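These figures come from a predicted structure and were not determined experimentally. Note on naming: letters A, B, ... go to the chains in the order of the sequence lines (proteins, then strands), and numbering restarts at 1 for each one. Basis for what follows: all heavy atoms, side chains included, without hydrogens, waters or symmetry-related copies.
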Protein chains: 2
Amino acid sequence: MHKPTLSNRIRVYRAEHRLSQADLAAAIGVSRKTINTIEVGRFVPSTIIALLIARHFEVPVEEIFSLQR
Amino acid sequence: MHKPTLSNRIRVYRAEHRLSQADLAAAIGVSRKTINTIEVGRFVPSTIIALLIARHFEVPVEEIFSLQR
DNA sequence: ACTTATTGATACCCTAAGGTTACATTTAGT
DNA sequence: ACTAAATGTAACCTTAGGGTATCAATAAGT
């Protein structure tokens, strides 16, 4: 049983919405570091943060976060 | 900035699928404790685990996990 | 009533997440 | 070229998540 990793399309959605990492962070109430580390794939976010990001872009969580392998 | 909490409908879906907590845990490769603590709302799961649970029941993450307030 | 399955909760341990701050680098605007 | 904005990292700290193991309490079957 090997654990899957997580990929994300935050950067794509940020670009579409013309938001900086800091903008998005402020919009959902987390630190810029949190957005950055999630976006570059260093940390796996909590479900609450995933829902906040998805809701902000008005898309399902699965549209932004995907399980790998 | 008040942080939202998380509610879930894991129990409902487990019941529909006639799965025990242990069954679901085994099916997605986590411990029973993990399912139990998430289900009773004590812990907020990682996005990976939320995706695994949603995928197992073939529903969107938002169908199982909801932000509160 | 008895037995088994299931659930809730605990203690313990270890690692990851997320916050603050700071700094270097890269990108964009002028 | 210069300046300002945006990004990537890092150190440091605190808390939460998730694992194993265990036990009590409840639910379900017989």
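- The list of salt bridge (Lys or Arg N to Asp or Glu O under 4.0 Å) pairs with a residue in residues 19-40 of chain A, not counting sequence neighbours, reads A:R11-A:E39, A:R14-A:E39.
- For residues 57-69 of chain B, the set of pairs meeting the salt bridge (Lys or Arg N to Asp or Glu O under 4.0 Å) definition, not counting sequence neighbours, comprises B:R9-B:E63.
- Residues in residues 23-52 of chain A take part in no ring pair (Phe, Tyr, Trp, His ring centres under 6.0 Å) pair, two or more places apart or across chains.
- With sequence neighbours left out, B:N36 forms a side-chain hydrogen bond (donor to acceptor under 3.5 Å, both in side chains) with B:Q21.
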key: Per-nucleotide protein contact string for nucleotides 24-30 of chain C (B base, S sugar-phosphate only, - none; heavy atom under 4.0 Å)   = -------
Between the protein and nucleotides 3-10 of chain D, are there any N/O to N/O pairs under 3.5 Å, and if so, what are the atom names and distances?
| unit_1 | atom_1 | unit_2 | atom_2 | d |
| --- | --- | --- | --- | --- |
| D:dT7 | OP1 | A:R14 | NH1 | 2.9 |
| D:dT7 | OP1 | A:R14 | NH2 | 3.3 |
| D:dT7 | OP2 | A:Q21 | N | 2.8 |
| D:dG8 | OP1 | A:R11 | NH1 | 3.2 |
| D:dG8 | OP1 | A:R11 | NH2 | 2.9 |
| D:dG8 | OP2 | A:R11 | NH2 | 3.2 |
| D:dG8 | OP2 | A:Q21 | NE2 | 2.6 |
| D:dG8 | OP2 | A:N36 | ND2 | 2.8 |
| D:dG8 | N7 | A:R32 | NH1 | 3.4 |
| D:dG8 | O6 | A:R32 | NH2 | 2.8 |

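- Side-chain nitrogen and oxygen atoms of B:S46 include none within less than 4.0 Å of the OP1 or OP2 phosphate oxygen of C:dA17.
- Within the structure, the ring pair (Phe, Tyr, Trp, His ring centres under 6.0 Å) test picks out the following pairs touching residues 4-29 of chain B (sequence neighbours left out): B:Y13-B:F57, B:H17-B:F57.
- Annotation: proximity of residues 56-69 of chain A to DNA chain D (heavy atom, distance under 4.0 Å) is found for no residue.
- Distance B:R18 CZ to C:dT6 P: 13 Å, rounded to the nearest Å.
- Annotation for B:G41 and B:N8: closest pair N-ND2, 4.5 Å, computed over non-hydrogen atoms.
- Residues forming a side-chain contact (heavy atoms from CB on, under 4.5 Å) with B:T5 (at least two apart in sequence, or on another chain): B:Q68.
- Minimum interatomic distance between B:P60 and B:A54 (heavy atoms only, all atoms of both residues): C-CB, 4.0 Å.
- Straight-line distance from the CD1 atom of B:I35 to the C1' atom of D:dT20: 16 Å, rounded to whole Å.
- Taking atom CD1 of residue A:I48 and atom P of nucleotide D:dT15, one finds them 17 Å apart after rounding to whole Å.
- In this structure, the side-chain hydrogen bond (donor to acceptor under 3.5 Å, both in side chains) partners of B:S31, at least two apart in sequence or on a different chain, are B:T34.
- Judged as a side chain to side chain donor-acceptor pair (under 3.5 Å), not a single pair has a partner in residues 42-57 of chain A (not counting sequence neighbours).
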